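As structure tokens, the structure follows; a few thoughts come after it.
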Amino acid sequence: MSRIVIVSNRTPGKGPAAGGLAVALRKVLGNREGFWFGWSGKLTEQPQAEARIEDIDGLTVAQVDLTREDHHAYYAGFSNSILWPSFHLRLDLATIESYWYEGYRRVNAQFAKALMPLLRPDDIIWVHDYHLIPLASELRNLGARNRIGFYLHIPFPTADALYAIPHHAELMRDVSRYDLVGFQAQRDVAAFTDFAQHQAPSTFGARAIEAIDFSRTDVAAFPIGSDPEAFSRLAASPAAKKMIHRMRRSLGDQALILGVDRLDYSKGLPQRVEAYEKLLANNPRLRRNVHLLQVAPPSRDTIKEYQETSDTLDAICGRVMGHFSEPDWSPLTYVKRAYGQPSLAGLYRMARVGLVTPLRDGMNLVAHEYVASQDPADPGVLVLSRFAGAAEIFPEALLVNPFDTDETSEALRMALDMPLEERKERWQGLMAAARTHNVDDWALRFLDRLAPGTADAGSH
Ligand code: F6P
């Protein structure tokens, strides 16, 4: 059987793997030969040509160090100040420094050079996310004829947003050199297909740009999921119960509304707190009976737009606390740190409302984890943004437009007032979808389609 080679910006570290993705891909590599390739997390003075191979908790991991300058241009620069905001339709937050593109390409070329000597001709290569769009091109330029698949974990943009990205035509040509491109949602497949069908030959200055041939690239949606059974078990574990006990001691019988998100402008955190502010303003009966807990671990905090989001959120939380708090009651807790999965599972389970309202999101696994952690006899309600990929598979959630804080506030009221029978009925639908779209099946479906003989497209 062919080996599987997984490539991503970050590689899984030592100790219990944090994310569901790392757990699922570890399982794939546990059942088949192969290895994981990516950045070591280390910055050096000189670019590193050869990968270091290590065994990390039974997993073979090949890693390269990056120079500080390249890493800045590739990660904070092109990936997270140009691609991330553009793909999330936040051109207002993009910083267009076109020289970052050179660093982005240099790192992709360095990855390809270090990976190439490790490859066998029949290895199946699975590349993850927007940091590595040019990797297949770079590998193919070095002679790789392997099956190479790409999975985009974030949304695919509309054509207009794509056109705002410097070198977008080269990037899309890079996309066309994959055998399979996987997206989170049908929405993303539609946006990609729209671009692929309508892009035409054009000129840039004096340069003629040919239309891109996507005919050999297979494209499909593979909605990612969590491991719902593992989360259910975790939510009933002693560590989760300890967290529930701790929270109950502090909250009494107040209903908990819970948000858990990286501190990222795409997550709609200020709008969410404003919706909660309206809930308290319009429903005085809820004061002292409800509490919002927002967990928001800092993310990408060297980037100005992330610092500004953090400041905005500080100000809004401060305003709501100042306005509604009383000496013996506070309407919200805002925690800027990360928690382990057992504690999170406990928080999810005791929350009457899971509030997941990104302005735009690839999938959003918090929604999956919240659903999986519920007590079937007394489940909470998921309030979910219609702009998260998860909205396509969770129609039983209360779907909201996160920009409309009146609508979100009204959904919160409905969730808090929802009778047990309706909560159970909605949760059963949600849990069935979380089981169908679990992370193990996601990985297998992608690899089955990419593996030789099973995908429609021939090898490039
Ligand atoms: O969801 C997109 C993503 O880039 C993931 O690939 C990553 O795990 C997560 O966001 C966190 O981002 P970063 O690696 O920049 O901290």
Side-chain angles (χ1 to χ4, degrees), residues 1-13 16-38 56-62 115 119 122-132 135-136 146-156 178-186 188-189 217-234 341 361-369 371-372 389-390 392-393 432-457:
M1 212 188 233
S2 310
R3 299 190 310 175
I4 304 288
V5 177
I6 290 164
V7 191
S8 61
N9 172 48
R10 291 182 196 270
T11 52
L21 175 66
V23 175
L25 294 180
R26 259 176 179 278
K27 258 193 232 169
V28 169
L29 288 178
N31 295 333
R32 291 175 74 156
E33 248 195 291
F35 62 96
W36 198 314
F37 183 96
I56 300 186
D57 298 337
L59 185 76
T60 307
V61 181
L115 177 56
L119 292 178
D122 65 342
D123 283 349
I124 295 166
I125 305 169
W126 188 1
V127 179
H128 290 264
D129 236 350
Y130 58 103
H131 316 86
L132 299 173
L135 192 66
N146 306 59
R147 300 283 300 172
I148 312 181
F150 177 76
Y151 189 80
L152 185 69
H153 289 261
I154 66 174
F156 191 80
Y178 285 94
D179 295 296
L180 172 62
V181 174
F183 294 107
Q184 293 277 18
Q186 291 303 339
D188 306 310
V189 174
T217 304
D218 187 17
V219 173
F222 300 86
I224 202 171
S226 65
D227 183 343
E229 311 307 339
F231 250 90
S232 286
R233 280 196 302 274
L234 213 51
Q341 285 193 338
D361 212 335
M363 167 55 62
N364 196 296
L365 288 176
V366 169
H368 284 252
E369 292 168 1
V371 167
E392 285 189 13
I393 62 164
R435 287 198 171 108
T436 305
H437 297 280
N438 68 78
V439 70
D440 291 339
D441 287 355
W442 164 80
L444 293 179
R445 277 205 314 122
F446 187 92
L447 288 169
D448 274 353
R449 188 131 166 184
L450 175 62
T454 56
D456 293 334

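No experiment lies behind these values; they were computed from the predicted model shown. Along the sequence shown, the residues carry numbers beginning at 1.
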Inset, instruction - Could you go through the side chain to side chain contact (heavy atoms under 4.5 Å, CB included) check for Val371 and His368 one step at a time? - result: CA-CA 5 Å; Val371 167; His368 284 252; 5.9 Å; no

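- Separating the OG atom in Ser2 from the CG atom in Asp122 is a distance of 4.5 Å, to the nearest 0.5 Å.
- One finds the CH2 atom of Trp36 at 5.5 Å from the CD1 atom of Ile6 (value rounded to the nearest 0.5 Å).
- Scanning both residues, Pro155 and Gly362, for their nearest heavy atoms gives CD-N, 3.5 Å.
- Contact detail for Leu180 and Val219: the closest heavy-atom pair is CD1-N, 4.5 Å.
- Residues that satisfy the side-chain hydrogen bond (donor to acceptor under 3.5 Å, both in side chains) test with His437, not counting sequence neighbours, are absent from this structure.
- The CD atom of Gln186 lies 6.0 Å from the CD atom of Glu392; values are rounded to the nearest 0.5 Å.
- In this structure Arg445 satisfies the side-chain hydrogen bond (donor to acceptor under 3.5 Å, both in side chains) test with no other residue, sequence neighbours excluded.
- Atom CG of Asn146 and atom CG of Asp179 lie 9.0 Å apart (nearest 0.5 Å).
- Between His128 and Tyr151, the ring planes are tilted. Angles from 30° to 60° get that label.
- Residues passing the side-chain contact (heavy atoms from CB on, under 4.5 Å) test with Ala62 are Phe35, Phe37, Ala51, Ile53, Leu118, sequence neighbours excluded.
- Counting heavy atoms from C-beta on, the side chains of Arg26 and Ile56 come closer than 4.5 Å.
- Under the side-chain hydrogen bond (donor to acceptor under 3.5 Å, both in side chains) criterion, Asp441 pairs with Asn438, not counting sequence neighbours.
- Here the side chains of Leu152 and Asp188 are not in contact, with every heavy-atom distance at 4.5 Å or above.
- A donor-acceptor pair under 3.5 Å is absent between the side-chain atoms of Gln341 and the main chain of Leu234, judged by distance alone.
- Looking only at side-chain heavy atoms (C-beta outward), Asp227 and Lys27 come within less than 4.5 Å of each other.
- For Ala220, the side-chain contact (heavy atoms from CB on, under 4.5 Å) test picks out Phe222, Arg449, with sequence neighbours left out.
- Applying the side-chain hydrogen bond (donor to acceptor under 3.5 Å, both in side chains) rule to Ser232 yields no partners; only residues at least two apart in sequence or on another chain are considered.
- Scanning for ring pair (Phe, Tyr, Trp, His ring centres under 6.0 Å) contacts around Phe150 gives Tyr178, with sequence neighbours left out.
- Across Pro12 and Leu59, no two heavy atoms sit closer than the pair CG-CD2, 3.6 Å.
- Taking CZ from Arg10 and CG from Asp129, the interatomic distance works out to 11.5 Å, rounded to the nearest 0.5 Å.
- Under the side-chain contact (heavy atoms from CB on, under 4.5 Å) criterion, Ala443 pairs with Leu25, Val28, Trp126, not counting sequence neighbours.
- Taking the side chain as every heavy atom from C-beta outward, Met363 and Pro223 approach each other to under 4.5 Å.
- To the nearest 0.5 angstrom, Ile125 atom CD1 is 4.5 Å from Leu119 atom CG.
- Partners of Arg3 by salt bridge (charged side-chain N to carboxylate O under 4.0 Å, His left out), not counting sequence neighbours, listed by chain and number: Asp123.
- Closest heavy-atom contact between Ala185 and Gly389: CB-CA, 4.3 Å.
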